[in-house]
A.B. asks: 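For reference, the structure I am asking about is given below.
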Protein chains: 2
Amino acid sequence: MRDVSRLAGVSTMTVSRVLADPELVSEETRSRVLAAIEQLGYLPNRIAGSLSSQRTNFVTAILPTLTNVNFADTAQGLTEALRAADYQLLIGYTTYRIEEEERLIRAMLPRRPDAIVVAGTVHTKAASQLLLRADVPVVEIWETPAHPINHAVGFSNYEAGRAAARYLLSLGHRHIAAVGPSTTGEARDFRGEDRLAGFAAVLREAGIGGGLVVQHGDVPASFDHGARALGVLLDRAPDVEAVFAVSDLSAVGVLMECHRRGIRVPQDLSLVGFGDFDIGRQVVPALTTIRVDAHLIGQRTGELLVTLLDEAAAGAEPAVVDVGFSLVERGTTAPAAPRRRSRRDH
Amino acid sequence: MRDVSRLAGVSTMTVSRVLADPELVSEETRSRVLAAIEQLGYLPNRIAGSLSSQRTNFVTAILPTLTNVNFADTAQGLTEALRAADYQLLIGYTTYRIEEEERLIRAMLPRRPDAIVVAGTVHTKAASQLLLRADVPVVEIWETPAHPINHAVGFSNYEAGRAAARYLLSLGHRHIAAVGPSTTGEARDFRGEDRLAGFAAVLREAGIGGGLVVQHGDVPASFDHGARALGVLLDRAPDVEAVFAVSDLSAVGVLMECHRRGIRVPQDLSLVGFGDFDIGRQVVPALTTIRVDAHLIGQRTGELLVTLLDEAAAGAEPAVVDVGFSLVERGTTAPAAPRRRSRRDH
DNA sequence: CTGAAAGCGCTTACAG
DNA sequence: CTGAAAGCGCTTACAG
């Protein structure tokens, strides 16, 4: 910048203005400065700028993984919404471990992000403290907590699970099960657990008992998880007629395992997934699922942050944005009665 | 930091040392400083540290998208390899546009990354200039260019395409086609195009003509792309007996469309994908594909950078690391002769 | 419309 | 083992 100012015959202050507020500088001076910038190939140093202005234009996003299309979509939505306001995303992966989340928060805070986005509402005690004390906006995403740390953008996983159960009941099914990964490992999918809890609650309310939940294998759920979980489930309950899988990945795994075992879907088994992944539309039959707009979660979060950071609104009200979910009925579910008869006769 | 030094009764220099090189400080002073840090909840400001030390410990990675498991795996591998050395990844998405890549490079350079990772070897002229002039290591990934800007970690997409063609020829197929997305849009997958070029070259060398390449639909390839491309292909060449898809996503789309149309795989059609995505192992039959270790590309890149940045080895030799690829034979491919007969008789 | 001064919070390079 | 001084490259807040 010194070099540019000397070449243009102005102060560094004027160079800084040309870059930040060009309209404050006379046209003649401005073009002289721009020419000098061009000639020297000058690139401003935003580290210095950040230190001076006390704003980094960084936003930190801490997600379970990027190897899940839903979270990748959220990251992409966030990136797009923040780009216009010139914010750069710093992404960290927890691999579904809250200890790792705490480590990441500690590693990120010294970079002085202008805002912090974390997936989920379950944190270590220390992480919660750090987030509460951070003097920047915090947004918890992929849930709608009753008591957010600050802001939240998501939907109710519990209600999504309830919706899946109500739907399978409405089809007339009674031997209903759910599959998800284990809840005893270090890696935990608390949002998935919420969905299964809501699912089981509806079954209990219907007097069916919500105990038929196979929790098996490591987080995160995968195609392979679904395939193996079906085996465990059938050993335990050969007469199961409907399954809710905690994720479309599991659900597709269940479906493929059904193909291999000669179990007809939906004639012998109704199947509901969660997440509306691309693959669910392509498999045969296409997968019934609960759709969540992951990209929108990212976008809304980005928009919320741009507003909060723009208006320097220190006193902004904590907001909880619910983007909702919807049940998408496709080919893997069917009413109960005809199926059970055909299966028993078989 | 001032507050900490006052509370501990030392200079800020000593506080800095406790954080950076604890062993240089006497145990007694150190514990006094650590107590003060604890008591005040002090978090160092790395922006100031970066400005002062002229090292940010940022590495910029510019990828086509994160919505593709392969690139997400690469990002995860990079993150893991860099974490140990305390580097933070700044990720940008180009959505397969080199103009967007240039924009991202311009946006990232003022953040003063210690190294730059870009996917691919095709850049705008201005982007190439910026990368050449950047006085930090540059690594091009997912290709093995003959003339890298600096370093490279990847494999030969052209050779991968050749391997697919040689394999289908070895099965006895002669009516062979390939499907990939369009090459005329703004978004381009140059690596996919290289694979198709290698594929077509082998067919030409075998005297078969390499013209049966369906390039249809927007980049990136998807399940949906594959499903639609098969329709276009069958209109053009109803007697096709083997297909190479530029990506497993397309390949699975082709497979599902075959299911819907009653085309038997592999009896009526042999199918080879690329990328070895999880879903390819789960579909029925399981997908024959070309496997690339995307995570390893990220890991090797990270290791290379840690070495380069550690030894302050300004004079380090440009390295090109080839992680290779391998053909994984599964259920979607079969020898030609029996199939053609059965199909004709049908 | 333009500039001189001070300072952001660290680390480098010395000195003792 | 510890500290005083200088400086990293910008922006803020004034002043003119």
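Just so it is clear: chains get the letters A, B, ... in the order the sequence lines come, proteins before strands, and each one is counted from 1. Remember, it's a predicted structure, so these values are computed and weren't measured experimentally.
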A.B. asks: Without decimals, in angstroms, what is the distance between A:Met1 CE and D:dC10 P?
C.D. replies: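 After rounding, the reported distance stands at 5 Å.
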A.B. asks: As an exercise, state the distance from CG of A:Asp3 to CD of A:Gln39, rounded to the nearest 0.5 Å.
C.D. replies: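 Rounded to the nearest 0.5 Å, the CG-CD separation comes to 11.0 Å.
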A.B. asks: Counting heavy atoms not belonging to A:Asp322, are there more than 12 under 6.0 Å from its CG?
C.D. replies: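 Yes, enclosed.
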A.B. asks: Measure the acute angle between the ring planes of B:Phe58 and A:Phe58, then classify it against the limits of 30° and 60° as parallel, tilted or perpendicular.
C.D. replies: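 Rings of B:Phe58 and A:Phe58: tilted, as their planes differ by 30° to 60°.
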A.B. asks: In whole Å, I'd like the distance from the CZ atom of A:Arg2 to the P atom of D:dT11.
C.D. replies: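 Taking CZ of A:Arg2 and P of D:dT11, I get 14 Å after rounding.
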A.B. asks: Rounded to the Å, how far apart are B:Asp21 CG and C:dC10 P?
C.D. replies: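 Rounding to the nearest Å, CG of B:Asp21 and P of C:dC10 are 16 Å apart.
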A.B. asks: Counting heavy atoms from C-beta on, name the nucleotide in D:dT2, C:dG9, D:dG9 closest to the side chain of B:Asn45.
C.D. replies: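 Looking only at heavy atoms from C-beta outward on B:Asn45, the closest nucleotide is C:dG9.
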A.B. asks: B:Ser53 side chain: which of D:dC14, D:dT2, C:dT11 is closest?
C.D. replies: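 Of the options given, the side chain of B:Ser53 lies nearest C:dT11.
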A.B. asks: Rounded to whole Å, how long is the line connecting atom CZ of A:Arg6 with atom C1' of D:dG9?
C.D. replies: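 In whole Å, D:dG9 C1' lies 13 Å from A:Arg6 CZ.
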A.B. asks: What is the distance from CG of A:Asp3 to P of D:dC10, rounded to the nearest Å?
C.D. replies: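 For the pair A:Asp3 CG and D:dC10 P, the rounded distance is 10 Å.
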A.B. asks: Which nucleotide wins on minimum distance to the side chain of A:Ser52, given the candidates D:dC10, C:dA13, D:dG7?
C.D. replies: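 From the listed options, D:dC10 comes nearest.
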A.B. asks: At less than 4.0 Å, is any side-chain N or O atom of A:Gln54 found next to OP1 or OP2 of C:dG9? Yes or no.
C.D. replies: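 So the side-chain polar atoms of A:Gln54 do come within 4.0 Å of the phosphate oxygens OP1 or OP2 of C:dG9, strictly under.
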A.B. asks: Tell me the closest heavy-atom pair linking B:Leu89 and B:Ala61, and the distance in Å.
C.D. replies: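 For B:Leu89 versus B:Ala61, the nearest heavy atoms are CD1-CB, 4.0 Å.
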A.B. asks: If you write DNA chain D from 5' to 3' in dot-bracket form, with Watson-Crick or G-U pairs under 3.5 Å, [ ] for crossing pairs and | for pairs with another strand, what do you get?
C.D. replies: |||.||||||||.|||
A.B. asks: Taking 4.0 Å as the cut-off, does a side-chain nitrogen or oxygen of B:Tyr42 come that near to OP1 or OP2 on C:dC10?
C.D. replies: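 For C:dC10, OP1/OP2 do have a side-chain N/O of B:Tyr42 under 4.0 Å.
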A.B. asks: Is the shortest distance from a Lys or Arg side-chain nitrogen in B:Arg97 or B:Glu101 to a carboxylate oxygen in the other one below 4.0 Å?
C.D. replies: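 So B:Arg97 does not pair with B:Glu101 through a salt bridge.
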A.B. asks: Measure from the side-chain heavy atoms of B:Met13 and tell me the nearest of C:dT12, C:dT11, D:dG9.
C.D. replies: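 Looking only at heavy atoms from C-beta outward on B:Met13, the closest nucleotide is C:dT12.
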A.B. asks: When only distance counts, do a donor and an acceptor, one from the side chain of A:Arg112 and one from the base of C:dG9, lie under 3.5 Å apart?
C.D. replies: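 For A:Arg112, whose side chain was compared with the base of C:dG9, there is no donor-acceptor pair (under 3.5 Å).
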A.B. asks: Distance check needed: C:dG3 P versus A:Leu24 CG, whole Å only.
C.D. replies: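 Checked: the CG to P distance equals 14 Å.
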A.B. asks: Starting from the 5' end of DNA chain D, give me the residue, A:Ala20 or B:Val25, whose nearest nucleotide shows up first.
C.D. replies: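 That would be B:Val25.
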A.B. asks: Take A:Phe155 and A:Val292 through the side chain to side chain contact (heavy atoms under 4.5 Å, CB included) test and state the conclusion after the steps.
C.D. replies: CA-CA 8 Å; A:Phe155 61 95; A:Val292 172; 3.6 Å; yes
A.B. asks: In whole angstrom, what separates B:Leu40's CG from C:dG9's P?
C.D. replies: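 After rounding, the reported distance stands at 15 Å.
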A.B. asks: Which nucleotide wins on minimum distance to the side chain of A:Ser16, given the candidates C:dT2, D:dT2, D:dT11?
C.D. replies: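 The answer is D:dT11, which lies nearest to the side chain.
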A.B. asks: Is it true that B:Arg17 and B:Glu23 have a side-chain N and a carboxylate O under 4.0 angstrom from each other?
C.D. replies: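 So B:Arg17 does not pair with B:Glu23 through a salt bridge.
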A.B. asks: CD of A:Glu23 versus C1' of C:dT2: gap in Å, rounded?
C.D. replies: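 These atoms are roughly 15 Å apart.
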A.B. asks: A:Thr29 near the nucleic acid: base, sugar-phosphate alone, or nothing, with a heavy-atom cut-off under 4.0 Å?
C.D. replies: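 Sugar-phosphate, backbone atoms only, no base.
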A.B. asks: Closest-nucleotide mapping onto DNA chain D: is B:Ala48 or B:Arg32 further toward the 5' terminus? I mean the 5' end.
C.D. replies: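 The residue closer to the strand's 5' end, by nearest nucleotide, is B:Arg32.
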A.B. asks: If you only use heavy atoms from C-beta on, which nucleotide in D:dG3, C:dC8, D:dT2 is closest to the side chain of B:Ser26?
C.D. replies: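 Selected nucleotide: D:dT2.
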A.B. asks: Is A:Leu82 close to A:Leu78 at the side-chain level, that is, under 4.5 Å between some pair of heavy atoms?
C.D. replies: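 Of all side-chain heavy-atom pairs linking A:Leu82 with A:Leu78, at least one is under 4.5 Å.
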A.B. asks: Please determine whether any donor N or O and acceptor N or O are separated by less than 3.5 Å between the side chain of A:Arg46 and the base of D:dG9.
C.D. replies: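 Counting by modelled atom types and ignoring angles, no donor-acceptor contact under 3.5 Å is found here.
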